[in-house]
Structure formats: structure tokens, C-alpha cells
Amino acid sequence: MSWSNALVKEILKPESLIISSEIAVVIADKFPKARHHYLVLPLADIPSIFHLNRSHLPLLEELHLLARNVVEVKGLHWQDFNVGFHAEPSMQRLHLHVVSRDFVSPSLKNKKHWNSFNTELFVPYTSKAFEAGFMRQLEHHEQTKEIEYSG
DNA sequence: GTTCTAGAAC
DNA sequence: GTTCTAGAAC
């Protein structure tokens, strides 16, 4: 098992789960890029955003609900967070980032780290905009094998 | 994804 | 001299 499967392995440990439902879980990012950084992952074996289609919309809503729940459970403020996916994911298993906007952390070490959450490399989950725009782009991706994030 | 580091850039 | 960048990691 290589490093790219670390998340898949992590969510098998009950002690790692902050909150969970029947189809998804929330864990703390092992290398947080801000004071608060959580990951929401489906239990289903979905490797990445590039494996999503419209049939996954209910699952995505569940991930978003758990994102809101973990912020509430931690007594934090939803408006202080960036919630979305990396456009160029490295780790196996789809994971929704829930990261506080302070970006104060020893693990935030270089420009690439910051860019991955603050440029077009970050694909925000913004409900309708996400569903209508990003999902269409995903379908486009399936056709062309190339994605353009126009926002 | 992180760590390490040689060579480049400043 | 210090910072930045890019590539290897068996």
C-alpha cells in the first residue's frame, strides 16, 4: 500500500472518525493547512472527483451536510471555512476539504499549499453553482478528458 | 500527500 | 548567504 492510500486506511480506524453517517465519515487532516482542517469522505470506493456523475448528487449533499455538522460540533463558524475539492487530487478516495480561512499552520509550508485552497485549484462546493457548473464540467471532462475551471 | 536535497535564483 | 524550485523516494 502506497502513500496515496493513506486516507482509505485512515477511515478504517474508528478512533479517527470525528463524526460519521451510514455512508460518509469526517476525519481530521493529518497535515492541517489551517487551524481547523477536516476531510469528509464517502465509505463507497469513489477514487476521486473524476469518478463523479449526476447519480452521486445525493451523496455529495450528504458530504456537505457532514461538513456543516463537523463545524457545528466543533463550535466553529461556517462562514470562516472554505469547503470544496482539490482540482488536482493526489490521494485516493474522494475527499471534501473543510478548512478554516486563517491558513495558520506549521504544515502550510509552501506556495503550492496555499494555492491549492485559494486559486482555481480549489473547487468550492457552493450548492447550486457546484451542481450546475461543476457537474457539467465533469461530464464535459468525460467527453474530452480535459477540464477547464472557468468558475 | 510529505520529506529530503541539489542546483538555480535571488 | 538565503530562498526557491523541481525531482526522487525501491
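Every chain is numbered from 1 and lettered A, B, ... according to where its sequence line falls, protein lines coming before strand lines.
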Considering residues at least two apart in sequence or located in another chain, which fulfil the side-chain hydrogen bond (donor to acceptor under 3.5 Å, both in side chains) criterion with Asp80(A)?
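Asp80(A): no side-chain hydrogen bond (donor to acceptor under 3.5 Å, both in side chains) contacts found.
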Test of understanding: with side-chain hydrogen bond (donor to acceptor under 3.5 Å, both in side chains), list the residues that count as partners of Ser116(A), not counting sequence neighbours.
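In terms of side-chain hydrogen bond (donor to acceptor under 3.5 Å, both in side chains), with neighbours along the sequence ignored, Ser116(A) is linked to His86(A).
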Whether His37(A) and His97(A) hold their rings parallel, tilted or perpendicular, with breakpoints at 30° and 60°:
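Answer is tilted, since the angle falls between 30° and 60°.
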Anything under 30° is parallel, anything over 60° is perpendicular, the rest tilted; go ahead and classify Trp78(A) against His64(A).
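Trp78(A) vs His64(A) ring planes: perpendicular.
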Set of salt bridge (charged side-chain N to carboxylate O under 4.0 Å, His left out) partners for Lys13(A), sequence neighbours left out
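Counting only residues at least two positions away or on another chain, Lys13(A) forms a salt bridge (charged side-chain N to carboxylate O under 4.0 Å, His left out) with Glu10(A).
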According to salt bridge (charged side-chain N to carboxylate O under 4.0 Å, His left out), who are the partners of Glu62(A), at least two apart in sequence or on a separate chain?
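Salt bridge (charged side-chain N to carboxylate O under 4.0 Å, His left out) check on Glu62(A) returns nothing, list empty.
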Are any of the side-chain heavy atoms of Ile27(A) and Tyr38(A) separated by less than 4.5 Å?
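No. Closest side-chain heavy atoms not under 4.5 Å.
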Give a yes or no answer on whether the side chain of His56(A) reaches the backbone of Leu52(A) with a donor-acceptor pair at less than 3.5 Å.
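No: the side chain of His56(A) does not pair with the backbone of Leu52(A).
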Check every strand shown and say whether Lys30(A) touches a base, only sugar-phosphate, or nothing at a heavy-atom separation below 4.0 Å.
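Counting heavy atoms under 4.0 Å across all strands, no contact is made by Lys30(A).
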Enumerate, in order of first residue number, the stems that involve DNA chain B, defined as 3 or more consecutive Watson-Crick or G-U wobble pairs with both distances under 3.5 Å.
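So far as stems of 3 or more pairs are concerned, DNA chain B shows B:2-10 with C:1-9.
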Readout for nucleotides 1-10 of chain B: B = base within 4.0 Å of protein heavy atom, S = sugar-phosphate only, - = neither; 5' to 3' it is BSS-------
